[in-house]
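To start, the structure itself, in structure tokens.
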Amino acid sequence: MPFKKIGDNKYQSPSGKVFTEKQVKLYYATDGFKKDIKKPRGLRPNKRYRS
């Protein structure tokens, strides 16, 4: 995603959102804010809604 510098430590994405320089660096370092979604462990299914 190409960011445009709009001010001191401010960058704007094509969608119009404003990010800081640190956030832009994190975006490129993590290959685009990709995050692995993990399921919570230790939760039991609700017995009331069993099918």
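Distance alone, capped at 3.5 Å, places no donor-acceptor pair between the Asn9 side chain and the Thr20 backbone.
In this structure, Leu26 is a member of the same hydrophobic cluster as Tyr28, with clusters built from ILVMFWY side-chain heavy atoms closer than 4.5 Å.
Ring pair Tyr27/Phe19: centre-to-centre distance not below 6.0 Å.
The two residues Pro14 and Pro2 make their nearest non-hydrogen contact at CD-O, 3.4 Å.
To the nearest 0.5 Å, atoms NZ (Lys17) and CZ (Phe3) are separated by 10.5 Å.
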